[in-house]
Amino acid sequence: MVNVLFFAHLKDVVGKEEVSVEGNEWNVARLKEKIAADYGLEGLESVMTAVNEEFADDETILSEGDTIAFIPPVSGG
Amino acid sequence: MVNVLFFAHLKDVVGKEEVSVEGNEWNVARLKEKIAADYGLEGLESVMTAVNEEFADDETILSEGDTIAFIPPVSGG
Amino acid sequence: MDFEISKDPIRIEDVIDKVVAREAGAITTFIGTVRELTNGKKTLFLIYEAYEAMAVKKLEQIGKEIRERWPNTHVAITHRVGKLDITDVAVVIAVSTPHRNDSYEANRYAIERIKEIVPIWKKEHWEEGEKWIGNQLETVSYPSGKPREEDMNG
Amino acid sequence: MDFEISKDPIRIEDVIDKVVAREAGAITTFIGTVRELTNGKKTLFLIYEAYEAMAVKKLEQIGKEIRERWPNTHVAITHRVGKLDITDVAVVIAVSTPHRNDSYEANRYAIERIKEIVPIWKKEHWEEGEKWIGNQLETVSYPSGKPREEDMNG
């Protein structure tokens, strides 16, 4: 299992901050497809991803216990 | 009579902050020559001058009661 | 703790104090405040949200990038989260350097980088509604799902 | 009193408070501090002296120049005089603008202008002696006894 975090509008759409899902040995792209389908999230392919608090690309392979965060375009400052 | 103010190294050389001298209807250049001679000030021709708190050039004519300040290169900030 | 996410109002002097140094001749600060009008629309208040653990790491990374580019530099950044009213302080960036030009440049670099790589989001509330605001730099989205290498490493 | 010469230590937040505005999204501050080393020489302390009445007028002029160049800008400047030790604050410039780029640029303009036209001088004290410091911009002296027109009017 891996932990998935949602922020900003993604959190509003999903209605949760965090979910625990299957994903061990998947790549990020596959996880995105699964999450998009499960929660009706659109445009997830253009959202950045962090794995264990570092930016990661779609080919990154996930491991048991990883924390994956979807990072919509940021607007701090 | 006009009032003449000295700052920074000029004040140290002259030993005074302010003097009252003849100068009514003189121009700034003439006042500079006089002050340079009286106090042994060198390089006064390259020092800026303010008349009544505004920068003035060597041709500016002085009037009774004016305040003239010699402004060495500034170093605030 | 030179790089912080704060739920409480930011004390500007506390951030500045972190960068005071005997070799510094210049300190610049950038203070981001909540502006009332954006494109003629009246903001009532903002909500800032952060992915806190990662945001602190990314602020630290920006500090490291700055110290590499501009020698003898000290950097401290605090970003606020939660509800902010008009004129409230959202972020304070303090940079000290021996000479002033570097201080302005390094400070500006910091705010641009925050808007690129630090996972913090704001939701604007107007009288008619609310909306999460996207990347204010209006750069293109990242097709690979990841910022470009130069965005990440400066 | 947005433009001041102060004999007492400057409270940075007091200067910043003067430029807080509902239309401002960005406040930049420049804080000039006394640096220990200049060209390898160790400064013990500085004395700042001002032609106070004229210095305030010239600071006001700089504020006016900035508001003409950068619309919707607020500016406040306080310069310290007297004896200052290492890390003490000599000057605080605060500028608020709707957008951040203007805030950095207007702030930088202010410090450059201070070093050109504001009658304030510093005397450096080292272990071996003391000296009034000339124009740090190292511009040529003004042969006419007056700054060029563009220096005076921005």
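Protein chains get the first letters and strands the later ones, always in sequence-line order, with residue 1 at the start of each. Treat the numbers as computed from the prediction; the structure is a model and nothing was measured. When reading the values below, keep in mind they use all heavy atoms of this one structure, side chains included, and skip hydrogens, waters and symmetry mates.
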Exercise for the section: Could you tell me which non-hydrogen atom of A/G77 sits nearest to which non-hydrogen atom of C/A90, and how far apart they are? Expected result: O-CB, 4.1 Å
Handout entry: chain A contact via C/I111 - which portion, at a heavy-atom distance below 4.5 Å
Key = side chain
Fill in the blank from the handout: Filtered by a 4.5 Å non-hydrogen cutoff, the part of residues 61-71 of chain A contacting chain C is A/T67, A/A69, A/I71
Handout entry: Within 6.0 Å of CD in A/E25, more than 12 heavy atoms from elsewhere
Key = no
Fill in the blank from the handout: A/E53 and C/M54 have their tightest heavy-atom pair at O-CG, 3.4 Å
Fill in the blank from the handout: The interface call for C/A53 against chain A, heavy-atom contacts under 4.5 Å, is both
Exercise for the section: Identify which part of C/A55 has an atom lying under 4.5 Å from any heavy atom of chain A, answering side chain, backbone, both or neither. Expected result: neither
Problem - Under 3.5 Å: donor-acceptor pair, side chain of C/K115, backbone of A/G76 - result: yes
Problem - Side-chain donor/acceptor of C/Y48 to backbone N/O of A/S75, under 3.5 Å - result: no
Quick one: side chains of residues 4-18 of chain A, donor-acceptor pairs under 3.5 Å with protein atoms, not counting sequence neighbours, listed by atom name and distance.
from: A/K11; atom 1: NZ; to: C/E49; atom 2: OE1; distance (Å): 2.6
from: A/D12; atom 1: OD2; to: C/K123; atom 2: NZ; distance (Å): 3.1
from: A/D12; atom 1: OD2; to: C/W132; atom 2: NE1; distance (Å): 2.8

Handout entry: Nearest non-hydrogen partners of A/V74 and C/I117, listed with the distance
Key = CG2-N, 4.4 Å
Handout entry: Heavy atoms of other groups near C/E13 CD, more than 12 under 6.0 Å
Key = yes
Exercise for the section: Please indicate whether A/K34 has more than 12 foreign heavy atoms, meaning atoms of other residues, nucleotides or ligands, lying under 6.0 Å from its NZ. Expected result: no
